[in-house]
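Each remark here refers to the structure printed beneath this line.
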Amino acid sequence: MNDKVESQYKSTLNLPDTEFPMRGNLAKREPELLARWEQIGLYQQIREARAGRDRFILHDGPPYANGTIHAGHAVNKVLKDIIIKSQTLNGKDAPYVPGWDCHGLPIELKVEEKVGKVGENLSASEFRKHCREYAAEQVDSQRTDFKRLMVLGDWENPYLTMDFKFEADIIRTLGRIIDNGHLHKGFKPVNWCSDCGSALAEAEVEYQDKKSIAIDVKFAFAEPAKLAQAFGIESTLPASLVIWTTTPWTLPANEAVSVHPQIEYSLVQLTEQQELLVLASDLVKDALQRYGIDDYKVLATANGAAFAQLPEQNEAPFMLLHPFIPTADGQPKAVPVITGEHVTADSGTGAVHTAPMHGADDYVVCNQFGIESEQMLVDDAGNFVATPVLEALELAGLSTADKGNFRVLGLLAEKNALLKKEKFEHSYPHCWRHKTPIIFRATPQWFISMHQAGLLDKAMQEADENVSWRPSWGKARIESMMGNRPDWCISRQRTWGVPIALFAHKQTGELHPQTPELIEKVALMVEEQGIDAWFDLDASTLLGDDAEHYNKVTDTLDVWFDSGVTHTAVCLQRDELQMPADLYLEGSDQHRGWFQSSLLTSVAAYGHAPYKTALTHGFAVDGQGRKMSKSLGNIVEPKAVMNKLGGDILRWWVADTDYSGEMTVSDEILKRTADAYRRVRNTCRFMLANINGFNPATDMVAGDELLPLDAWIIAYSRELQDTLIAYYNAYDFKALTKALMNFCVSELGAFYLDVIKDRQYTCKADSLPRRSAQTALYHILEAMSRWIAPVLSFTAEEIWENLPGERTASVMLSEWYQDFPAVSDETLGDAYWRRILEVKQAVNGALEKARGDKTIGASLSAELDLYVSDALKTELEKLGDELRFVLLTSEVRLHAMADEGDATELDGLRIQVSASAKEKCERCWHHSDSVGSDSQHPTLCQRCVDNVEGDGELRRYA
RNA sequence: AGGUCUGUAGCUCAGGUGGUUAGAGCGCACGCCUGAUAAGCGUGAGGUCGGCAGUUCAAGUCUGCCCAGACCUACCA
């Protein structure tokens, strides 16, 4: 307290007082609030309170049930929560049912680490049990962290894609999509183990060194002269494109040769052989050396695009003759030269033998050019099948692993197409169980066709016409992605997934004629026992004698299908939800993911989109805008922020940041965020401290009795509320936080609160001047606690608890504040006070100058002489004697404009500041002639005497 | 490599249809107050509007190119 003696009159003041602490101590106290929410069943109470009201359905996209939550999770959940809470305050019934995506490979990998692989250490069924347990643990762990973010939802009843009922509904939805004619059976290359006789998942493949035979093979151009022209020269010599491969056995399945459009190729003339070869320019030297040819010359060069088909072209400019596969009429089979981005000039020849049945890249590139193989030439055991052509070539029945491979080499040699053959050791995929090399082999896979029943067209139409994409570029994004996508391959060769519960005829591959009924039967079983019901099922149980003719499909569904059908398994199943949902809200990556899988499955099953609006947010990145990564060490973990700064700080950050692009987080940003939070908090605290002793039931001042300044701030607040609600409804939270902040700083901090302090502290406790201001503060707090509730969920509740009067158990059980008193003052309205603020600003400038001169210190030690225009004078006189309270000075004298004082930024205003020579009142600190006029209180001014023991001073304006 | 998006003071953000010295809040510096005090009030200093070129009498705002970053394409949720 320094050496100053505390005034004996201090006890006669009404100083601010509140239990509401200056510092939030959020990390410690937020969990206490969460416990209380849980204890009173807040989420359920809100449901009951909003039962029957208009609904707002934000449907939760399921995060994957693996790993601790990161900033991206936090952003997503908090944004959802802000929307849910603001809609709840709108009076809507806005349930939030969180969910998790539980099947799939990442969980399989985690479980494998723990218990080993299926078939080695345990059965598939046991493995699935472990997966289920693991996923449940992950859900629990993530749920705890999500709740800690103060996200309100039905956490005790979330949806899990591994719930038996959910699994059954996935199968039912698949059935519906099949009924609508979208299912299609096709071929696609997968990892295939000839020993297992089955496809392997990526996780079942391990890489080991393998010795292969690498060969360089000539593919002769059908029209060599034309080729020479493409290189800009004339020649009639035979010409070949040379490919290099380590899998000779795939050559019978060749359908094309790929070159890179931008790589340069050389046309090389072999002097001795009198023929031309096309090789990537960078590889000419190596290749010819490999072939033992040193007598050659490069005739010309050209980019691949000059002699190969581009995706936008309808036909290939050049065809090659397959070295040994004939067509039906005995002529060599012709295959096109195409361009592919997968081609490199790092090794080989720069031209890639392309067999869509045996390579992933090959399949993709052939798809692009509409090239399809008619038949799979290799059987389940890895042997060539017996087609007439292969029989004639003596390939039929030979194993691709050895004899078949050698026979291909022989054929090439016979046809003089083999330039080189050598041993080649490389890393090659092997079956994890048999430790044998695998092959790429196209197998039957299930697809959802984009075209056969018009799915793509309808989905595009829905996206275009019936969904609002926000930001608007989301529409172009998803349309472009869907437009380019191939048929959706929904088959996976996995253990932990929902089965494609179908029976396919052993010979024809046709689905069983009773498929719809069978699917429902299976679904009922899965509903009881989970997906194991299918895997354990003996086909004869359902098919009877038919079983011998049908294969039970054991592929699992792509997990995107699982999460894609939440519209059915969740929105249609839960009474509190509905479909289509009002809003899906996910990261921008989900245009390719969930937004799309949901749209496609919904359109396929029901013919319409599952959401009315798709809102997107960006990714959390570091202060420099770079993605977070372990190696950069720039990861911001929600948990750490939570434990250090608190959830409300993190939530304010989410709200304050423009989520339409990348969202930057760093220590500095969070520090600024915490600063902003403290400002809002302290403003509320000051208001709470100043309604100390105010009982709204008995002390509230009626609208028409309020002092004009108080009426103004109430009217201002009411208008601000409309603005804030509009921001919430537009999901523009950064505008909201800025508006809130500005209100606290400008209208309140720098003006209203500063001005009313004198009245609050010095007037009689129960006087009209004080009660009027308290009435205003009370209304503002009632409104403010709701304004901030969707964002600052903890702090809002804290204010709520500290407000006087009967109220609900949580601010979230209320709606936007509607009990502002009707106030209207035409003469002293908003325009008037804005004018006063301009004057105050000019006065501040003058006071600051006087302070610099050491003329004054505190503004109450100053007196003002204002030289003003007639118009301004009329305005200022409206406040009479109380102008000094607004300007926070001891005295203000108004004069007609004259050449006195200093000019200000305002035209009609000149100001003279002087230090008051009058006595300072010990109690109110104003300087006044009246100090000492009462002998009982020699250190007080007259109005303080009135306030201490008289009837109290009168205030009419401020 | 391609597609989409983003780039305004140290930080977070405003800046309809191009038009005076580019704004706000925070932070920072300085000052005041000590009856909001690990607070509050005031004043002030900070910007090549990512860069370059162009259209125009005039561009942060239109066009092109470039740079940096993010997301998506290699079936991975």
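In the text below, chain A, chain B and the rest are named by the order of the sequence lines, each starting its count at 1.
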Per-pair stack call A/W925 and B/G35, 5.5 Å, 30°: yes
Full working for salt bridge (Lys or Arg N to Asp or Glu O under 4.0 Å) between A/K734 and A/D656: CA-CA 4 Å; A/K734 61 184 176 2; A/D656 197 43; over 6 Å; no
Distance-only side-chain donor-acceptor flag, A/S666 / A/D622, under 3.5 Å: no
Of the listed nucleotides B/C71, B/G40, B/A39, the one nearest the side chain of A/R678: B/A39
Whole-Å distance separating the CZ atom of A/F20 from the P atom of B/A39: 15 Å
Residue whose nearest RNA chain B nucleotide is more 5′ - A/D558 or A/N742: A/N742
Separation between the P atoms of B/U34 and B/G16, rounded to whole Å: 45 Å
Sugar-phosphate only, base, or nothing, as touched by A/Q590 at under 4.0 Å among non-hydrogen atoms: nothing
Heavy-atom closest contact (A/I856 atom, A/A862 atom, distance): CG2-CB, 3.8 Å
Selected nucleotide, minimal atom distance to A/R851 side chain, candidates B/C72, B/C33, B/G31: B/G31
Out of B/A70, B/G10, B/G35, whichever nucleotide has its closest atom nearest the side chain of A/F619: B/A70
Within the 6.0 Å centroid threshold, strictly below: A/W100 and A/Y64: no
Sugar-phosphate, base or nothing in reach of A/R923, heavy atoms under 4.0 Å: base
Inter-nucleotide C1' distance (B/A59, B/A53), Å rounded: 14 Å
Closest to the A/E668 side chain, choosing from B/C11, B/U4, B/C26: B/C11
Atom pair distance, as rounded to whole Å: CD in A/E586 and P in B/A77: 17 Å
Atom-pair distance (CD1 on A/I669; P on B/C13), nearest Å: 8 Å
Interatomic distance, A/D17 atom CG to A/I691 atom CD1 [nearest 0.5 angstrom]: 12.0 Å
Pairwise P distance for B/U12 and B/G54, with rounding to whole Å: 33 Å
N-glycosidic conformation, B/G51 - syn within 90 degrees of 0, else anti: anti
Whole-Å distance separating the NZ atom of A/K734 from the P atom of B/C13: 8 Å
Complementary nucleotide for B/A29 - Watson-Crick or wobble, under 3.5 Å: B/U43
Who pairs with B/G16 - Watson-Crick or G-U, where each distance is under 3.5 Å: none
Heavy-atom closest contact (A/L940 atom, A/C921 atom, distance): CA-SG, 3.8 Å
P spacing across the pair B/U21 / B/A29, given as an integer number of angstrom: 32 Å
Side-chain donor/acceptor of A/R679 to base of B/C26, under 3.5 Å: no
Residue A/M741, side-chain heavy atoms: nucleotide from B/C26, B/G31, B/A36 that is nearest: B/C26
Contact summary for A/G564 and A/T601, nearest pair of heavy atoms: O-OG1, 3.1 Å
Given B/G42, B/U12, B/A39, the nucleotide with the shortest approach to the side chain of A/M22: B/A39
Sugar-phosphate only, base, or nothing, as touched by A/W653 at under 4.0 Å among non-hydrogen atoms: nothing
Sugar-phosphate only, base, or nothing, as touched by A/A476 at under 4.0 Å among non-hydrogen atoms: nothing
Nearest-angstrom distance, C1' atom, B/G3 to B/C13: 29 Å
Watson-Crick or G-U wobble mate for B/U37, both contacts under 3.5 Å: none
Shortest side-chain distance from A/E662, nucleotide among B/U6, B/C72, B/G25: B/U6
Presence of A/T664 side-chain N/O under 4.0 Å of B/U12 phosphate oxygens OP1/OP2: yes
Below 4.0 Å: OP1/OP2 of B/G10 and any side-chain N or O of A/K671: no
d(CG, A/D758; P, B/A36) in whole Å: 12 Å
Minimum-distance nucleotide to A/D754 side chain [options: B/C72, B/C41, B/G35]: B/C41
Pairing partner (Watson-Crick or G-U wobble, both distances under 3.5 angstrom) of B/U4: B/A70
Interatomic distance at P, B/C26 relative to B/A68, whole Å: 36 Å
Under 3.5 Å on both distances, the Watson-Crick or G-U partner of B/A53: B/U63
Side-chain N or O of A/K854 closer than 4.0 Å to phosphate OP1/OP2 of B/C32: yes
B/G3 phosphate, OP1 or OP2, under 4.0 Å from A/R485 side-chain N/O: no
Closest listed nucleotide, where the reference is the side chain of A/R626 and the choices are B/A70, B/G10, B/A36: B/A70
Sugar-phosphate, base or nothing in reach of A/L13, heavy atoms under 4.0 Å: base
Side-chain N or O of A/K757 closer than 4.0 Å to phosphate OP1/OP2 of B/A36: yes
Ring center gap for A/H70 and A/F619 short of 6.0 angstrom: no
B/G64 and B/U43, which share atom name P, separated by this distance in whole Å: 45 Å
Under 3.5 Å on both distances, the Watson-Crick or G-U partner of B/U48: none
Ring centroids of A/Y64 and B/A77 base under 5.5 Å with planes under 30°: no
Nearest-nucleotide pick for A/S588, side chain only, options being B/C71, B/C13, B/G40: B/C71
Sugar-phosphate only, base, or nothing, as touched by A/A676 at under 4.0 Å among non-hydrogen atoms: nothing
Sugar-phosphate only, base, or nothing, as touched by A/G857 at under 4.0 Å among non-hydrogen atoms: sugar-phosphate
Sugar-phosphate only, base, or nothing, as touched by A/K627 at under 4.0 Å among non-hydrogen atoms: sugar-phosphate
Working for salt bridge (Lys or Arg N to Asp or Glu O under 4.0 Å), residues A/R685 and A/E798: CA-CA 10 Å; A/R685 175 174 185 261; A/E798 207 185 350; over 6 Å; no
Side-chain N or O of A/Y761 closer than 4.0 Å to phosphate OP1/OP2 of B/A36: yes
Residue closer to the 5' end of RNA chain B, A/D658 versus A/Q841 (nearest nucleotide): A/D658
Atom-pair distance (CG on A/N634; P on B/A70), nearest Å: 10 Å
Aromatic centroids of A/H184 and A/F447 separated by under 6.0 Å: yes
Nearest-angstrom distance, C1' atom, B/C41 to B/G46: 22 Å
